[in-house]
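Below is one structure, written out as structure tokens; the observations come after it.
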Amino acid sequence: MASWISRIAGTKEAQFAATAVVSGAVVAGAILGYQHARRQERVEDLKGSIPGWGSESAKVGLTDFGSASTVLSKEDERSARLAERAQKGDYDDELILEQLARNRVFLTDSGLERLRSAFIIVVGCGGVGSHCTAALARSGVSRIRLIDFDQVTLSSLNRHAVATLADVGTPKVLCLKRRLQQITPWVHFDLCNELYRPEAAERLLGKWEGRKPDYIVDAIDNIDSKVALLEYCYKNDLKVISSMGAGCKSDPTRIFIGDISASTDDPLSRSTRRRLRATGISSGIPVVYSTEKPGPGKAQLLPLPEEEFKKGSVGDLGVLPDFRVRILPVLGTMPAVFGYAVANHIILKVTGYPNEYLPAKGREKMYDTILAQLQGYEERLARATTPGEDAQGFKLGISANDVGYVVEEVFRGKSVISGIPTRLALVRWRRPNPGSTMDLSIPGQKNSKVKLGELVCMTKEEAAVHMREVVEGDREVGSLYDREIVELVERRLREEGEFEKYR
């Protein structure tokens, strides 16, 4: 073995290989040594660039919001000093009244006084919220609490009321305070740089120096936070007005103020109404909404690139749980219109100025009629499937409010078969399982087993045919309707199933 190794080592090939290995090791060592030296040099340069503890720059800390301090311009410094004086009372009231002179003659002295003493909370300080806040401050409101977790970005500047390039990276609440103090230095701002969440509702929407808010503005575009805010205000008797979606809207003549039950043709409004109905709230909240319908050539929510779906759960891409991850096209003028409409509503209500919005057409009587007809269908079915029992005292576990929810939110206020929005009825979609449709489990009580998720919306004439052919007959829905209709119904019922957890 030793002699074989000696013969191999003595060949020219082995000598060349050994030389190559040694040369490679030397080169690799040289490269690694050079990289190490360069890395050490860069580290030393970086350390040397850090100011010492005694330097002036080391004294600049973080702001109250956790962001890096910014150097104020001379104008900002002057405005901040003036605002500090004004909020301590060192500002001529005659100058304030002169600045508010046009509002004063419009609202009268007593109306303006009520507005000046008002306390307003604005939740959401983006496009809608910033314009609303600016209008309220300019109109005389002297106490405003701002709630928003976000910062100004470059893309905010197409719709934000007062933000400048210098404000990019600044919390939106701080940006609003800083800019509006240059216009109305006497206004007191209470800044909450945080996300609105139910567990903090009592603190965020609570009193300021012993005074309850006169009005709360909902300018949130996240559905969970929006519904939580509106539910809290409704159940705690706090006056609130909500802005529905300004995204993908372009026609200012179609913007209205009315009850949330009347808001239509807006995905955010529909989702909000639907979730609120599930909590028992179907009306009683004023909203600003648009009746503009989507159509060919109009802006739509931008699709998420396919590569993002391949990364896993799309929900993980949001900056916060349940926040949208796709870009919503926004024409910069529309959030301003929504924001000024919200501010206008508050000014009129706080000052007691007479106004009367165009009333929405009520549909409560229609819901009662639909419920009565459903009661008749279910009684007929119960008698047919429960021998020996009559339908006297037969009860549905469904209310007129439930009917409104199914008709308006699940089936968009029209027949799923023909799209007709009048003479509507609710009926079971499929034939019930074999056996009685009457629940007799509670002694002395006769209840229907039908559930909301089993009902579809049709015209009365369509429902009569469907009842005869499918529910009481032997036909399958696939043999009576086109595949597109069946798929649409099934999709709507699955959608309702997803919302059932909120009920």
Side-chain angles (χ1 to χ4, degrees), residues 75-76 78-107 109 111-148 152 156-157 159-164 167 170-193 204-205 208-209 211 213-219 239-241 243 288 335-351 353:
E75 179 65 23
D76 286 344
R78 176 179 174 276
S79 298
R81 289 196 300 269
L82 178 61
E84 185 178 0
R85 285 174 43 207
Q87 289 163 30
K88 292 178 180 178
D90 186 13
Y91 198 89
D92 192 339
D93 197 59
E94 288 300 318
L95 292 178
I96 298 176
L97 291 176
E98 175 63 24
Q99 188 167 334
L100 301 174
R102 299 304 174 93
N103 271 16
R104 185 181 183 183
V105 295
F106 190 97
L107 300 171
D109 285 342
L112 182 60
E113 182 58 34
R114 286 194 291 271
L115 192 61
R116 289 186 64 187
S117 63
F119 164 33
I120 308 297
I121 299 177
V122 180
V123 188
C125 297
V128 174
S130 65
H131 282 280
C132 176
T133 303
L136 292 173
R138 290 174 184 269
S139 298
V141 175
S142 297
R143 292 188 179 277
I144 303 176
R145 179 178 294 161
L146 303 175
I147 303 172
D148 198 307
V152 177
S156 304
L157 301 184
R159 58 195 182 279
H160 199 279
V162 294
T164 69
D167 296 310
T170 301
K172 289 179 178 178
V173 294
L174 179 59
C175 166
L176 269 173
K177 175 184 176 181
R178 182 181 295 168
R179 297 303 167 205
L180 291 178
Q181 281 183 339
Q182 296 175 345
I183 303 168
T184 55
W186 62 83
V187 176
H188 296 260
F189 289 98
D190 182 23
L191 307 186
C192 300
N193 187 210
L204 293 175
L205 306 181
W208 185 1
E209 297 181 351
R211 176 162 184 167
D214 293 278
Y215 241 100
I216 296 171
V217 175
D218 162 34
K239 293 180 180 179
V240 64
I241 180 170
S243 171
V288 178
V337 181
F338 275 74
Y340 282 115
V342 171
N344 191 83
H345 176 85
I346 291 174
I347 291 169
L348 299 185
K349 293 301 180 182
V350 169
T351 61
Y353 192 87

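Counting begins at 1 with the first residue of the sequence. Every heavy atom of this structure was used, including side-chain atoms; hydrogens, water molecules and symmetry mates were not. Please read these numbers as outputs of a predicted model, since none were measured by experiment.
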All salt bridge (charged side-chain N to carboxylate O under 4.0 Å, His left out) counterparts of Lys177, not counting sequence neighbours: none
Pairing residues for [X] by the side chain to side chain contact (heavy atoms under 4.5 Å, CB included) criterion, not counting sequence neighbours:
| X | answer |
| --- | --- |
| Arg104 | Leu97, Asp109, Leu112 |
| Asp92 | Glu94, Leu95 |
| Ala219 | Val128, Val217 |

Apply side chain to side chain donor-acceptor pair (under 3.5 Å) to [X] and list each qualifying residue two or more places apart in sequence or on a separate chain.
| X | result |
| --- | --- |
| Ser156 | Thr153 |
| Arg211 | Asp214 |
| Glu98 | none |
| Arg81 | none |

side-chain hydrogen bond (donor to acceptor under 3.5 Å, both in side chains): pairs with one or both residues in residues 111-127, sequence neighbours excluded: Asp93-Arg116
Can you give the donor-acceptor pairs under 3.5 Å from side chains of residues 184-192 to other protein atoms, not counting sequence neighbours?
unit_1: Thr184; atom_1: OG1; unit_2: Leu180; atom_2: O; d: 3.2
unit_1: Asp190; atom_1: OD2; unit_2: Arg145; atom_2: NE; d: 2.7
unit_1: Asp190; atom_1: OD2; unit_2: Arg145; atom_2: NH2; d: 3.4

For Tyr215, ring pair (Phe, Tyr, Trp, His ring centres under 6.0 Å) partners two or more places apart: His345
Partners meeting ring pair (Phe, Tyr, Trp, His ring centres under 6.0 Å) with His131 (sequence neighbours left out): Tyr340
